[in-house]
Amino acid sequence: MGWVAEDGRHAGYAVAVLADGRDATAEDNPGSGNPAWWCFDGQDGRPPAVGVRAGCDCYAANGSRVVKTWRGSTVHPVVLGDQEATEGPGEQGSPYAEWENTHVTPAAVPGDVTALLAEVRERLTALAEQRPLAALTAVARLEATAAAAAAAAGISAAAAAQQRGSSWTDIDKAVGTTKQAAHQRFARRLKPEVVVLDEAAHLTRTATPQTDLLGQQRAPVPGHGSEPTR
């Protein structure tokens, strides 16, 4: 069994992880050559799986061929004989959830974070009815905390996304702004080696006339920009 993304470009599945930390392959199943995780039960020469990890075959835009494979970073518990408990479709902390949220839709917010945000909203609404002044104080603290956390976490997330190969277009989609706005918001606070301009990776600088303190044009200094008029 496996999972297919809506665009058809990602075919996900759970992969058996063996005791030495490697993924089980067809060669590890001398009987049938079936590499499915549920085959690795320690019987008939098959090594036992100690867990499973999320995997994916990623196809070209036209769906004609696999262009790369992907593996999740987490080893999840394996329950032989129980596919739902092992693969966990719809469950947080499962191979399926890692495949969907980390690989297929990396900007998807984890369910526990969404639930936490909803809980804060509900409790503030209830507090506003019961203790309005306390609610106003809580709202003020929330705004200050959220602003500080958003600034720090946003910069860290933008830097991490860039280091993992995401473009400013990807970051723009995650933030919900234009690419230019996302760049202006985060790039000036990132370390120079982290900032990558995807569509404008190579910029051409054009020499401009230099001006003095009064704003009047003066001749360029020899060795800087164009040669002075002889």
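Note that this is a predicted model, so its numbers are computed, not measured. Throughout, residue positions are numbered sequentially from 1 according to the sequence presented. Side-chain atoms are counted along with the backbone in the values below, which use heavy atoms only and exclude waters and symmetry mates.
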Heavy-atom count around R123 CZ within 6.0 Å, excluding the residue itself: above 12?
no
Within the supplied structure, the quantity of interest is the number of heavy atoms (other residues, nucleotides, ligands) at a distance under 6.0 Å from R71 CZ; does it exceed 12?
yes
Determine the minimum heavy-atom distance between [X] and [Y], stating which atoms define it.
X	Y	answer
A26	P35	N-CB, 3.8 Å
G88	S94	O-OG, 2.8 Å
S73	E98	N-OE2, 3.0 Å

Approximate separation, where rounding is to 0.5 Å, of [X] [atom1] and [Y] [atom2]:
X	Y	atom1	atom2	result
Q130	T125	CD	OG1	11.0 Å
L142	T137	CG	OG1	12.5 Å
D28	N34	CG	CG	12.0 Å

Among V17, T86, D41, the one residue meeting side-chain contact (heavy atoms from CB on, under 4.5 Å) with V78
T86
Side-chain donor-acceptor pairs under 3.5 Å in residues 47-60, sequence neighbours left out?
{"unit_1": "R53", "atom_1": "NE", "unit_2": "D23", "atom_2": "OD1", "d": "2.7"}
{"unit_1": "R53", "atom_1": "NH2", "unit_2": "G21", "atom_2": "O", "d": "3.0"}
{"unit_1": "R53", "atom_1": "NH2", "unit_2": "D23", "atom_2": "OD1", "d": "3.3"}
{"unit_1": "D57", "atom_1": "OD1", "unit_2": "Y13", "atom_2": "OH", "d": "2.8"}

Once you measure the plane-to-plane angle for W70 and H103, does it fall in the parallel (<30°), tilted (30-60°) or perpendicular (>60°) bin?
parallel
For residues L127 and V139: do they belong to one hydrophobic cluster (side chain heavy atoms under 4.5 Å, members Ile, Leu, Val, Met, Phe, Trp, Tyr)?
no
Applying side chain to side chain donor-acceptor pair (under 3.5 Å) between E87 and each of Y96, W37, W99, report the one that passes.
W37
